[in-house]
2 protein chains.
Amino acid sequence: MNGTEGGESRAALPEDPCQVREVLGIVGDKWSLLIVRHLSEGPRRFSELKRAVDGISQRMLTVTLRGLERDGILTRTVRSVMPPHVSYELTPIGRALRGATAPLLEWSITHLTHIDAARAEYDARPDTPPA
Amino acid sequence: MNGTEGGESRAALPEDPCQVREVLGIVGDKWSLLIVRHLSEGPRRFSELKRAVDGISQRMLTVTLRGLERDGILTRTVRSVMPPHVSYELTPIGRALRGATAPLLEWSITHLTHIDAARAEYDARPDTPPA
DNA sequence: CGGTATCCAACTGGATACTG
DNA sequence: CAGTATCCAGTTGGATACCG
């Protein structure tokens with residue numbers, strides 16, 4: 001078939017495990033994608049994001065924004081006036097990221113109902129461990 | 001331009017935050033995507049996955065497989081022979097998930113070098129907190 | 001306004017030992 | 001072979017208080 005060795009083509013995966021790890025390290029946390037999502041609408045201030053990303057603590061907003069800035073996914077612009085004005089904006093890479101997550105979100109939208117049903121069915125199965 | 005109301009289009013996001021949370025709850029953990037990735041090559045046995053997904057513990061392989069089975073992303077087939085033979089295979093939804101993650105992986109492949117550079121530059125900036 | 005610092009509870013996941 | 005059970009270290013992230 002397509003194997004170059006005699007086996008069953010075990011090592012033919014297009015990307016390596018490291019890439020999967022890396023991308024999860026960037027966006028696999030609780031808040032990053034939510035922030036990127038909101039910034040896809042345009043630049044936003046700290047307090048705007050705080051209000052938009054529901055339930056996020058001040059600490060986590062700061063920490064997550066710093067991480068995304070460090071990775072070059074967004075930029076942080078400080079206007080040293082009184083009161084302070086800090087604006088966050090996606091970089092081209094950040095916008096590409098947002099686009100790259102779209103299919104995953106679409107998958108989620110398409111299959112969420114089915115997944116919830118699968119869960120309910122699984123949990124209702126008599127041979128399933130109760131906890 | 002593209003705004004349908006007079007303001008700055010604050011609530012025009014196509015998907016809601018809940019979807020983002022949900023999809024991260026499914027694939028945002030350390031191992032799920034790695035397992036889905038390997039199963040995209042075809043059905044695999046427990047011990048095959050254990051060897052293929054480098055570094056995973058027996059416990060986490062079991063736990064993650066159970067979660068993916070519960071969500072209807074893969075099926076678990078037991079052949080009660082001696083020794084036991086358990087095979088895992090992606091469902092159509094699982095295969096769709098694999099496809100939906102492809103752009104994200106591509107994004108990662110395309111921009112990883114740039115991201116690493118951005119990190120190094122950020123960490124080298126004199127005004128950056130050392131820890 | 002936009003943070004930083006500290007503390008701490010909950011969860012994640014690795015190591016190890018045992019089982020049908 | 002394919003798990004389960006237990007223990008425990010490390011990380012995540014929420015609450016709170018304070019600062020420039």
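Throughout, protein chains are lettered first and strands after them, A, B, ... in sequence-line order, and every chain is numbered starting at 1. The structure presented is a predicted model; accordingly, all values stated were derived computationally and were not measured.
Judged purely by atom type and a 3.5 angstrom limit, W107(B) uses its side chain to pair as donor or acceptor with the backbone of I93(A).
The side chain of V86(A) has dG3(C) as its nearest neighbour among dG3(C), dG3(D), dG20(C). For D29(A), counting side-chain heavy atoms from C-beta on, the closest listed nucleotide (dC1(D), dG13(C), dG13(D)) is dG13(D). Ranking dG2(C), dT4(C), dA2(D) by closeness to the Q58(B) side chain, first place goes to dA2(D). Candidate nucleotides dC1(C), dG3(C), dG3(D) were compared by shortest atom distance to the side chain of F46(B), and dG3(D) ranks first. Considering only the side chain of P83(A), dC1(C) comes nearest among dG3(D), dC1(C), dG2(C). Candidate nucleotides dG3(D), dC1(C), dG20(C) were compared by shortest atom distance to the side chain of S47(A), and dC1(C) ranks first.
Atom CG in L65(B) sits about 16 Å away from atom P in dC1(D), given to the nearest Å. If you measure from atom CG of L61(B) to atom C1' of dA15(C), you get 16 Å, rounded to the nearest angstrom. Atom CD of E69(B) is separated from atom P of dA2(D) by 15 Å (rounded to the nearest Å). The NZ atom of K50(B) sits 12 Å away from the C1' atom of dC1(D) (whole-angstrom rounding). Distance, L24(A) CG to dT12(D) C1': 15 Å, rounded to whole Å. Nucleotide dA5(C) holds its C1' atom 15 Å from the CE atom of M60(A), rounded to whole Å. To the nearest angstrom, P of dG14(C) lies 12 Å from CG of D54(B). For the pair R44(A) CZ and dG2(C) C1', the interatomic distance rounds to 18 Å; values are reported in whole Å.
Counting any heavy atom pair closer than 4.0 Å across all strands shown, R59(A) reaches a base atom. In this structure, R79(A) reaches neither bases nor backbone, as no heavy-atom distance under 4.0 Å exists between it and the strands shown. Using a 4.0 Å heavy-atom cutoff across all strands shown, K30(B) reaches sugar-phosphate atoms only and no base atom. Residue T62(A) is in base contact, counting any heavy-atom pair closer than 4.0 Å across all strands shown.
A cation-pi arrangement is present between R125(B) and Y122(B) under the rule of less than 6.0 angstrom and at most 45 degrees off the ring axis.
Residues I56(A) and L90(A) share a hydrophobic cluster, clusters being chains of Ile/Leu/Val/Met/Phe/Trp/Tyr side chains in contact below 4.5 Å.
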Residues D16(A), Q19(A); criterion side chain to side chain contact (heavy atoms under 4.5 Å, CB included); working and verdict: CA-CA 6 Å; D16(A) 73 287; Q19(A) 241 97 38; 2.6 Å; yes
Would E89(A) and T77(A) satisfy side chain to side chain contact (heavy atoms under 4.5 Å, CB included), going step by step from the backbone distance to the final call? CA-CA 8 Å; E89(A) 183 171 13; T77(A) 309; 5.8 Å; no
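For Y88(B), no side-chain nitrogen or oxygen approaches OP1 or OP2 of dC1(D) to under 4.0 Å. At least one side-chain nitrogen or oxygen of R66(B) sits closer than 4.0 Å to the OP1 or OP2 atom of dT4(D).
To the nearest 0.5 angstrom, S47(B) atom OG is 9.5 Å from Q58(B) atom CD.
Where I56(A) and V63(B) each meet DNA chain D at their nearest nucleotide, the meeting point lying more 5' is that of V63(B).
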